[in-house]
There are 2 protein chains.
Amino acid sequence: MVVGRDRQRRNKWKTRPVRQDIHTSGIPVLCVSCEARHRGICGALEPIQLVELARASTKHVLEEGAELIGDAEPIDNYANILSGVVKLTKSLPDGRQQIVGLQFAPDFLGRPFSEESAIGVEAATPVSLCSFPRRTIQRLIEATPGLERRLLMQALRELDEARGWMMTVGRKTAAEKVASFLLLIARNIDPTLDGEGAPAGAFDLPLTRADIGDFLGLTIETVSRQFTRLDRDGLISVKGRRVEVLDMGRLADLAGA
Amino acid sequence: MVVGRDRQRRNKWKTRPVRQDIHTSGIPVLCVSCEARHRGICGALEPIQLVELARASTKHVLEEGAELIGDAEPIDNYANILSGVVKLTKSLPDGRQQIVGLQFAPDFLGRPFSEESAIGVEAATPVSLCSFPRRTIQRLIEATPGLERRLLMQALRELDEARGWMMTVGRKTAAEKVASFLLLIARNIDPTLDGEGAPAGAFDLPLTRADIGDFLGLTIETVSRQFTRLDRDGLISVKGRRVEVLDMGRLADLAGA
DNA sequence: CGCGCGCTTGATTTGCGTCAATATGCGTGG
DNA sequence: CCACGCATATTGACGCAAATCAAGCGCGCG
């Protein structure tokens, strides 16, 4: 269902009955190369709706460390991640902190139907965002059951991930935790890395040791020690943030099932 | 209050007796006193649909310890919890276990649009269930946007909870963990318990020490020791599974924000 | 009764945190 | 260019909270 204010557009459709034209040429420039159109929530939208959303959207670039909740980005804006890594944090009054989730492109950011529940949202790396007003998305949701389904899917996926990390944080040793984390990042940077005796690959960690500690429930020192141990044992090669996975098999093995 | 409102309506309805009859008497017996009709997913259904669902539903009672995934309850059945506590678990090949969630009435059990993701589902206490075939629920979802929204809401709530427990498991001390857990149970058994200097209340823990340990990432011994400490310090009174909260304020304080 | 199971309690060990010192960039300004 | 300061990492020595090991208790049940 399309909003009424597009009357002239409606007329256009009638005079140009070739629907295919709209499908091919109707995709906003902003969106043509956007991941969110395929794997993200925008995949649920018709070209027309995509145009509507795109018109209300703005692209932002945030530097590392920028908070995107209650601060720069008021709560009335939602967004898709175009690139970069976003961390979701919770903290105790005395300063202890836990990272409760990491989001990558093309994840949807922002919680539908409620205020963001006292969790902090922060750019872990430079991040670029495609953001749009809450009202627009809300309206599209009413009109498009598929959109709500996508949101449900993402929520369920995040739920699975959160539960997986609960296991890691609650029951694994420091070594296993760090291995699991490396696997998460490696897989996210290069999804093809999964093969058995894969040649592995190198990448830069998107998080500082402090962040990694906050994610795994460890201190920076312990994280650092585990890195050097993994290096010494030949599973990886570390130099600062640069990591190369040398033995994917043993790493995955260490991380546990 | 409820009674009064009903009486008033009944008088009004006399002008349209047939339809109202359907509305009042149309609620399946199975459902009349069911929590799921109010706070659960069934609240999104029209009476007609409720009848359809109820007709396909069966009530089950499971004893403590019963597995409800891939076992007694095949994956093609979903269910609402009518009473009891259900635990969601994950485990490592070597036997280490983590409880990644607890569900109470009237939560919906079962994951829409996918196989249950390698997580175990088990009755922590005797549990009664209202279960129905996947097909029926799937069909109702297509027809009722509100239903999908309810599912999204529950998923988002569970996500919040999972993240809250990630913080607890990752960053809190044993004492804080146990206090947080007691709060969770206390609040769930008696939602009115929340007041500041509330008189507090007594209840039976729905979980064994082993389960509590698996939930908090602790051993039974540590859980036990923390219980006796909280008892000695006068925050609670423990005797086996029976717990009485004596000082809600201090307990909540200990649990952290 | 005696056996098993859930729970408590104590003694001992240990993995990880804490504290502290040192290194390694990296930007900034002299 | 080097010198300096600051943030991030590494490394080591030490301490402690929680795990592990080990009895022993209460209680329901065959």
Side-chain angles (χ1 to χ4, degrees), chain A residues 63-65 87 92 94-99 122 124-126 168-182 204-233 236-244 254 256, chain B residues 63-65 87 92 94-99 124-126 168-182 204-233 236-243 254 256:
Chain A
E63 61 196 13
E64 184 179 327
K87 55 183 181 175
L92 257 23
D94 65 5
R96 278 175 288 174
Q97 203 176 50
Q98 174 75 36
I99 293 183
E122 195 175 326
T125 66
T168 298
V169 168
R171 285 305 190 194
K172 289 187 184 173
T173 66
E176 293 168 330
K177 287 181 183 182
V178 170
S180 306
F181 172 75
L182 284 173
D204 285 312
L205 294 172
L207 268 57
T208 66
R209 301 292 130 111
D211 282 338
I212 300 173
D214 283 346
F215 188 45
L216 299 174
L218 298 172
T219 59
I220 20 184
E221 292 96 330
T222 300
V223 172
S224 182
R225 280 188 250 271
Q226 295 304 329
F227 272 130
T228 71
R229 192 139 89 80
L230 288 174
D231 186 308
R232 184 163 38 75
D233 295 354
I236 63 175
S237 148
V238 202
K239 192 151 174 235
R241 291 213 178 178
R242 190 89 195 153
V243 172
E244 184 172 4
L254 213 197
Chain B
E63 61 197 13
E64 185 177 328
K87 55 182 180 177
L92 258 21
D94 65 4
R96 278 175 289 174
Q97 205 175 48
Q98 175 75 35
I99 293 183
T125 65
T168 298
V169 168
R171 285 306 189 193
K172 289 188 186 173
T173 66
E176 291 168 331
K177 287 182 184 182
V178 170
S180 304
F181 171 76
L182 285 173
D204 285 311
L205 293 172
L207 269 58
T208 66
R209 302 291 130 112
D211 282 339
I212 299 173
D214 282 346
F215 188 45
L216 299 174
L218 298 172
T219 59
I220 14 183
E221 294 95 328
T222 301
V223 172
S224 182
R225 279 188 250 272
Q226 295 303 330
F227 272 130
T228 69
R229 191 139 91 81
L230 288 174
D231 186 309
R232 184 163 40 71
D233 295 354
I236 62 175
S237 147
V238 201
K239 196 156 171 226
R241 291 215 179 178
R242 191 88 194 153
V243 172
L254 214 196

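Quantities reported herein were computed from a predicted structural model and do not represent experimental measurements. Reckoned from all heavy atoms, side chains included, excluding hydrogens, waters and symmetry mates.
C:dC26 atom P lies 13 Å from atom CD of A:E64, rounded to whole Å. Spacing between atom NZ of B:K177 and atom P of D:dA17 amounts to 14 Å, rounded to whole angstrom units. Rounded to whole angstrom, the span from the CZ atom of B:R209 across to the P atom of C:dT9 amounts to 10 Å. Atoms CG (B:L230) and P (C:dT9) sit 13 Å apart, rounded to a whole Å. C:dT22 atom P lies 18 Å from atom CD1 of A:I220, rounded to whole Å.
Contacts of B:G217 with the nucleic acid, taken as non-hydrogen atoms under 4.0 Å apart, involve only primed sugar atoms and P, OP1 or OP2. B:L218 comes within contact range of the sugar-phosphate backbone alone, with a heavy-atom separation under 4.0 Å but no base atom that close. Across all strands, A:R241 comes closer than 4.0 Å only to sugar-phosphate atoms, never to a base (heavy-atom distances).
For B:T228, a side-chain nitrogen or oxygen approaches OP1 or OP2 of C:dT9 to under 4.0 Å. Contact annotation: B:T222 does not reach the phosphate of D:dA18 (side-chain N/O to OP1 or OP2, under 4.0 Å).
The side chain of A:R225 lies closest to D:dT11, out of D:dT11, D:dA9, D:dA18. Of the candidate nucleotides D:dA18, C:dT8, C:dC16, C:dT8 has the atom lying nearest to any side-chain atom of B:S224.
The backbone N or O of A:L218 lies less than 3.5 Å from a partner atom in the side chain of B:R171, making a donor-acceptor pair. With hydrogens and angles ignored, the 3.5 Å screen pairs a side-chain donor or acceptor of B:Q98 with a backbone N or O of B:D214.
Considering OG1 of A:T222 and CZ of A:R209, their distance stands at 13.0 Å, rounded to 0.5 Å.
Checked by distance alone, A:E221 brings a side-chain donor or acceptor within 3.5 Å of a matching partner on the base of C:dC19.
Toward the 5′ end of DNA chain C lies the nearest nucleotide of A:Q226, the other residue of the pair A:K239 and A:Q226 mapping further downstream. The residue among A:T208 and A:R171 whose nearest nucleotide of DNA chain D lies closer to the 5′ end is A:T208.
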